[in-house]
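Computed over heavy atoms, backbone and side chain alike; hydrogens, waters and symmetry mates excluded. Note on naming: letters A, B, ... go to the chains in the order of the sequence lines (proteins, then strands), and numbering restarts at 1 for each one.
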2 protein chains.
Amino acid sequence: MPPTGDAQETRRRLVEAAYREFAAHGIAGARVDRIAAAAGANKALIYFHFGNKDGLFTAVFEMIVSQALAEAPIDAADLPEYAGRLFDASEAHPDALRLATWHRLERAADQPPIQAVLDANQAKVDTIARAQAAGLITTRYTAAEILALVLTIANMWSVLSPEMHVTAPQDRATRRALVVSAVTTLIQP
Amino acid sequence: MPPTGDAQETRRRLVEAAYREFAAHGIAGARVDRIAAAAGANKALIYFHFGNKDGLFTAVFEMIVSQALAEAPIDAADLPEYAGRLFDASEAHPDALRLATWHRLERAADQPPIQAVLDANQAKVDTIARAQAAGLITTRYTAAEILALVLTIANMWSVLSPEMHVTAPQDRATRRALVVSAVTTLIQP
DNA sequence: ATTACTTGACTAACCGGTTAGTTGACAATC
DNA sequence: GATTGTCAACTAACCGGTTAGTCAAGTAAT
């Protein structure tokens with residue numbers, strides 16, 4: 001393609017194609033040529049716009065993080081439904097969780113924690129602590145522990161071994177109901 | 001090394017080295033040369049003994065699966081402590097869980113479920129169902145759902161985002177206690 | 001002597017990254 | 001309002017190191 005004067009659009013297409021490729025194959029397994037082809041762009045543009053393969057992954061990851069933080073705002077007064085919404089989000093965007101997992105496995109060790117996520121987590125912990133102080137939810141666990149439990153249970157189906165998916169309930173509604181119910185039981189004052 | 005007449009030992013060293021390499025870098029990221037060097041063996045031995053890279057991963061994975069199934073036998077009468085033992089196992093062998101995750105991300109889609117795991121899961125579900133019939137644990141959830149919850153919570157700390165590890169409790173005992181307590185709460189009749 | 005096992009040397013393909021050069025939009029100059 | 005220059009955006013071709021996988025030849029044990 002000749003220069004369109006719309007570099008933003010090209011970047012967008014590259015990030016989108018890279019999102020799919022990285023989610024499917026991880027960082028080591030992703031192929032720069034495949035990404036360029038899927039985006040209908042020249043491979044060198046990746047290096048022009050993002051520096052290198054890892055820079056491209058960073059761009060993709062930052063996009064997903066900001067999307068995830070925007071979606072599903074916490075409601076400490078109704079944590080079970082919050083967990084339900086997280087479940088819905090992970091069902092709607094299964095690639096997002098895969099990407100986060102690749103990030104954890106392949107990059108997290110040599111990458112500092114992301115400040116935006118730290119801040120978001122702290123805000124959630126604070127909200128939960130206030131709900132505890134108001135007597136809405138149990139004080140048996142710390143606010144951070146409750147958040148950890150909620151996040152874990154909301155994504156439980158995405159993390160279980162493939163074999164468990166054979167035995168466990170197949171339909172989405174039942175799975176969602178379990179998530180909501182488990183959180184309800186755990187946070188009861 | 002000259003032929004030692006002990007091919008079993010060479011296989012063992014290769015599988016052990018491959019275990020570390022695959023756990024650290026995944027299938028796509030693992031380097032066959034690094035594995036051979038770490039095992040003090042020639043690269044060709046991998047192809048002689050295991051066929052190809054994927055065959056080596058299969059050998060490693062089967063070893064881990066059989067170890068995991070042998071370790072931590074289920075005790076349906078005391079699921080909280082079972083969860084605690086699973087937690088202990090995942091802390092003692094963090095690489096095992098990483099390997100399982102790589103397997104899920106990189107191979108599970110084009111790999112049939114592993115029969116040994118299916119059988120083991122079914123046995124656990126049956127045990128839980130009996131404990132339910134005996135009135136020891138709640139019947140609010142199906143046996144399979146309870147197993148899913150227990151497995152999820154036992155490994156919760158290994159799956160949470162790196163950022164959560166900053167806010168969440170740092171010491172092992174506190175984390176273990178949360179796992180045990182959460183399961184206790186969930187399965188109460 | 002045969003079998004089982006091990007090796008160094010080799011290769012074809014792949015893959016991330018680079019480079020020299022092109023294109024179109026836009027603006028300054030005459 | 002043509003001409004010229006500049007720059008970001010883009011491309012085709014290429015490069016060198018890496019990687020999974022192969023093979024002929026050799027060695028120890030039986």
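- Follow the hydrophobic side-chain contacts under 4.5 Å out from B/V179 and you reach A/I153 in the same cluster.
- Less than 4.0 Å separates DNA chain D from at least one heavy atom of each of the following residues of residues 22-34 of chain B: B/A30, B/R31, B/V32.
- B/R31 places no side-chain N or O within 3.5 Å of a backbone atom of B/E21 that could act as its donor or acceptor partner.
- Proximity of A/N42 to the phosphate of D/dA12: a side-chain N or O atom is located under 4.0 Å from OP1 or OP2.
- Here the rule is ring pair (Phe, Tyr, Trp, His ring centres under 6.0 Å) with A/F57, and of A/F50, A/Y19, A/F22 only A/F22 fits it.
- For D/dA8, the OP1/OP2 oxygens have no side-chain nitrogen or oxygen of A/H49 closer than 4.0 Å.
- Under a hydrophobic-cluster definition in which Ile, Leu, Val, Met, Phe, Trp and Tyr are linked whenever side-chain heavy atoms come within less than 4.5 Å, directly or via other members, A/L160 and A/L151 are assigned to the same cluster.
- Whole-Å rounding puts the A/F57 CZ to C/dG16 P distance at 15 Å.
- Rounded to an integer number of Å, the gap from B/E9 CD to D/dA28 C1' is 17 Å.
- At least one side-chain nitrogen or oxygen of B/Y47 sits closer than 4.0 Å to the OP1 or OP2 atom of D/dG21.
- Rounding to whole angstrom units, CZ of residue B/F48 and C1' of C/dA4 are separated by 6 Å.
- Two residues, A/A44 and B/K53, neighbour DNA chain D, and the one matched to the more 5' nucleotide by heavy-atom proximity is A/A44.
- A salt bridge links B/R176 with B/E81: at least one charged nitrogen is closer than 4.0 Å to a carboxylate oxygen.
- A/D54 places its CG atom 16 Å from the C1' atom of C/dC15, with the value rounded to the nearest Å.
- In this structure, A/Q8 places its CD atom 13 Å from C1' of D/dA8, rounding to the nearest Å.
- One atom, CD1 of A/I35, and another, P of C/dC15, lie 12 Å apart when rounded to the nearest Å.
- Across the protein-nucleic acid pair, B/I46 atom CD1 and C/dC5 atom P stand 17 Å apart, rounded to whole Å.
- C/dT6 atom P lies 11 Å from atom CZ of B/R11, rounded to whole Å.
- No more than 12 heavy atoms of other residues, nucleotides or ligands shown are found within 6.0 angstrom of CZ on A/R20.
- Proximity of B/T10 to the phosphate of C/dT6: a side-chain N or O atom is located under 4.0 Å from OP1 or OP2.
- With no hydrogens or angles considered, a side-chain donor-acceptor pair links A/D171 and A/T174 at under 3.5 Å.
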